[in-house]
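Please read the structure below before turning to the comments.
Within every chain, numbering begins at 1; the chains are lettered A, B, ... in the order of the sequence lines, protein sequences first and strands thereafter.
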Amino acid sequence: MSDSLEKWKRTHYSKEVNQDINGETVTLMGWIHEIRDLGGIIFILLRDRDGIIQVTAPSKKISTDFFKEIRKLKKEAVIAIKGSVQKSSKAPGGVEIIPDALKLLNEAKLPLPLDITEKVKAEIDTRLDARFLDLRKPTVSAIFKIKSRMLHSVRLFLEREGFIEVNTPKLVASATEGGTELFPITYFEREAFLGQSPQLYKQMMMSAGFDKVYEIAPIFRAEEHDTLRHLNEVISVDIEASFLDHEDVMNILERLVSTVLEEVQDNCETELKLLERDLFVPETPFERIDYDEVVDIVNSKGTLMRYGEDLSRAAEKAMGEFMDGYHFITGWPSDIKPFYVMPSDENPKKSYAFDLMYKDLEISSGARRVHKYDLLVERIKKQGLNPESFERYLAAFEYGIPPHAGWGLGSERFTMCITGVNNIRETVLFPRDRRRLTP
RNA sequence: GCCCUGGUGGUGUAGGGGCUAUCAUGCGGGCCUGUCGAGCCCGCGACUCGGGUUCAAAUCCCGGCCAGGGCGCCA
């Protein structure tokens with residue numbers, strides 16, 4: 001029994017083994033998920049990326065030496081198995097592999113730090129400490145297969161809509177957008193920061209004449225939050241589009257959400273089933289509720305909310321009970337939105353900003369942007385910031401920038417909506433939160 | 001950062017001033033030819049750390065660290 005692949009090549013994944021190839025010789029590679037040694041017959045559950053297949057070794061059908069080799073195998077060892085596909089009503093899934101040859105490619109240290117078969121559940125902290133093992137669980141990897149498909153669908157959709165993918169810097173100089181929530185780093189002899197949003201760069205691309213851009217990239221926030229919905233490093237899906245207003249980009253967003261959900265539903269059947277998740281594809285347009293109305297609804301539910309405040313957690317929950325699917329909150333007060341958000345023409349106290357909510361979770365926020373230099377400077381000052389710190393950014397507004405609008409969508413929060421997991425840490429391979437910086 | 005609750009074998013738990021510290025899973029050994037949460041027998045393995053109270057602390061008290069839940073923060 002060799003520990004080297006030599007000339008062996010995988011011919012099938014477990015999910016490709018079915019009754020149609022009964023009698024064929026196949027080579028499978030993966031991990032030993034479980035072993036059931038009944039004495040005269042040994043069952044090995046072989047797990048690969050796409051599923052689990054049973055390898056059945058009856059002592060009567062194989063040589064004594066080979067049978068002894070199989071008996072020595074341990075959990076989570078990496079093996080390659082060459083064998084024939086055998087139709088059997090007694091096998092899970094109706095097929096099993098009768099082995100002819102085996103390679104033990106690597107062994108696993110025992111006992112394992114957590115139970116991959118999930119007979120005994122582990123806590124999230126234990127799981128994240130041994131994340132590479134945790135990710136071997138089919139229910140855990142399913143979340144990432146769905147996230148992958150979601151991001152793929154997002155790209156397909158935005159490309160169809162005429163967006164150009166861009167990459168903007170994550171090492172930035174300015175802490176003036178609100179200082180405390182940026183992570184400071186050493187940049188040679190200077191101080192720099194990790195970018196909290198591609199916002200200003202996206203807008204500069206509007207001045208550059210790219211018309212429609214998107215970026216899917218990490219953003220970093222140094223807030224000390226410690227909740228099931230926040231992380232300090234997440235992947236943001238950001239778009240910005242010229243000659244469009246807030247209504248136009250809301251329309252793009254709702255069609256994107258609906259299209260992505262449909263494509264995930266069509267392409268991730270196995271994963272959704274593993275997660276026991278019934279997806280529904282929402283109709284567009286999504287319902288829009290004005291901020292004024294939100295204040296009334298929240299107060300009518302017995303939760304205090306003053307006009308001009310952002311939604312507290314209690315207010316979000318009250319709204320989540322009132323509106324259970326995807327919906328927009330529009331008409332936000334200008335004062336609680338960033339300086340680059342365009343105030344409303346009719347009533348400058350209100351703005352053209354919107355949030356996309358799923359139940360009580362905010363998954364995206366966007367707006368029509370200020371594209372006039374003077375107004376932008378005025379709003380920067382009004383929010384207590386220094387226009388000089390934005391010099392390089394503001395220059396883009398002095399040489400002809402079109403009216404534009406955009407949004408940012410939290411990819412992890414969107415993944416939570418799709419998969420139904422309630423802890424955002426579940427949606428990141430190696431999450432970064434207040435306490436966790438490893439692995 | 002605040003409030004509440006907790007930290008017991010590798011994992012998940014029961015217990016709660018003195019007795020061999022409970023159970024499941026796991027791991028090691030044995031039996032077993034259709035398992036699919038396999039079964040049966042034998043064995044192994046634990047009280048978060050520091051200080052205090054006490055004849056005696058895993059248990060009570062104080063503090064640290066960490067976790068779970070809730071909140072705050074989230075231009």
Side-chain donor or acceptor of [X] under 3.5 Å from a matching atom on the base of [N]?
{"X": "Ser59(A)", "N": "U33(B)", "result": "yes"}
{"X": "Glu123(A)", "N": "G6(B)", "result": "no"}
{"X": "His230(A)", "N": "C74(B)", "result": "yes"}

Proximity to RNA chain B (any heavy atom under 4.0 Å), residues of residues 341-371 of chain A only: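 Those residues: none at all.
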
Close approaches to RNA chain B from residues 25-47 of chain A, in residue order (heavy atom, under 4.0 Å):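 Per residue number, the list reads Glu34(A), Arg36(A), Asp37(A), Leu38(A), Gly39(A), Gly40(A), Ile41(A), Phe43(A).
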
Specify the separation, in whole Å, of atom [atom1] of [X] and atom [atom2] of [N].
{"X": "Gln383(A)", "N": "A75(B)", "atom1": "CD", "atom2": "P", "result": "10 Å"}
{"X": "Asp125(A)", "N": "G69(B)", "atom1": "CG", "atom2": "C1'", "result": "15 Å"}
{"X": "Leu133(A)", "N": "G12(B)", "atom1": "CG", "atom2": "P", "result": "14 Å"}
{"X": "Leu228(A)", "N": "G72(B)", "atom1": "CG", "atom2": "P", "result": "13 Å"}
{"X": "Arg136(A)", "N": "U11(B)", "atom1": "CZ", "atom2": "C1'", "result": "16 Å"}
{"X": "Arg313(A)", "N": "G1(B)", "atom1": "CZ", "atom2": "P", "result": "22 Å"}
{"X": "Glu76(A)", "N": "G26(B)", "atom1": "CD", "atom2": "C1'", "result": "13 Å"}
{"X": "Glu412(A)", "N": "C74(B)", "atom1": "CD", "atom2": "P", "result": "20 Å"}

Side chain to side chain donor-acceptor pair (under 3.5 Å), paired with Lys350(A), selected from Asp335(A), Asp345(A), Asp292(A):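 In the set Asp335(A), Asp345(A), Asp292(A), the residue that makes a side chain to side chain donor-acceptor pair (under 3.5 Å) with Lys350(A) is Asp292(A).
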
Where the side chain of [X] is defined as all heavy atoms beyond and including C-beta, which of [options] is the nearest nucleotide?
{"X": "Arg435(A)", "options": "G1(B), C73(B), C66(B)", "result": "C66(B)"}
{"X": "Lys75(A)", "options": "C71(B), G26(B), U33(B)", "result": "G26(B)"}
{"X": "Gln199(A)", "options": "A75(B), C66(B), U11(B)", "result": "A75(B)"}
{"X": "Glu224(A)", "options": "G28(B), G1(B), C73(B)", "result": "G1(B)"}
{"X": "Pro92(A)", "options": "G26(B), A75(B), U35(B)", "result": "U35(B)"}

So, taking the atom named [atom1] in [X] and the one named [atom2] in [Y], what distance separates them when rounded to the nearest 0.5 Å?
{"X": "Tyr352(A)", "Y": "Arg368(A)", "atom1": "OH", "atom2": "CZ", "result": "5.5 Å"}
{"X": "Glu240(A)", "Y": "Asp211(A)", "atom1": "CD", "atom2": "CG", "result": "12.0 Å"}
{"X": "Ile44(A)", "Y": "Leu73(A)", "atom1": "CD1", "atom2": "CG", "result": "4.5 Å"}

Base partner of [N], which must satisfy Watson-Crick or wobble distances under 3.5 Å:
{"N": "G26(B)", "value": "C44(B)"}
{"N": "G34(B)", "value": "none"}
{"N": "C60(B)", "value": "G52(B)"}
{"N": "A14(B)", "value": "none"}
{"N": "G7(B)", "value": "C65(B)"}

Ring centre gap for Tyr291(A) and Tyr307(A) strictly below 6.0 Å: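 Centroid distance Tyr291(A)-Tyr307(A): below 6.0 Å, so yes.
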
Lys NZ or Arg CZ of Arg10(A) over Tyr13(A) ring: under 6.0 Å, within 45°: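 So Arg10(A) does make the cation-pi contact.
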
Side chain to side chain contact (heavy atoms under 4.5 Å, CB included) between Leu151(A) and Val237(A), intermediate numbers included: CA-CA 9 Å; Leu151(A) 288 170; Val237(A) 176; 4.1 Å; yes

Lys74(A) or Ser88(A), whichever maps to the more 5' nucleotide of RNA chain B: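 Residue closer to the 5' terminus by nearest nucleotide: Lys74(A).
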
Residue mapping more 5' on RNA chain B - nearest nucleotide basis, Pro111(A) or Leu311(A):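 Its nearest nucleotide lies further toward 5', so the answer is Pro111(A).
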
Whether over 12 other heavy atoms sit under 6.0 Å from Lys381(A) NZ: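 No, because the 6.0 Å sphere around NZ of Lys381(A) holds 12 heavy atoms or fewer from other groups.
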
More than 12 heavy atoms from other groups under 6.0 Å of CD on Glu362(A):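 Atom CD in Glu362(A) is crowded, with more than 12 foreign heavy atoms closer than 6.0 Å.
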
Side chains of Phe220(A) and Gln196(A) in contact at under 4.5 Å (non-hydrogen atoms):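 Contact flag for Phe220(A)/Gln196(A) side chains = no.
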
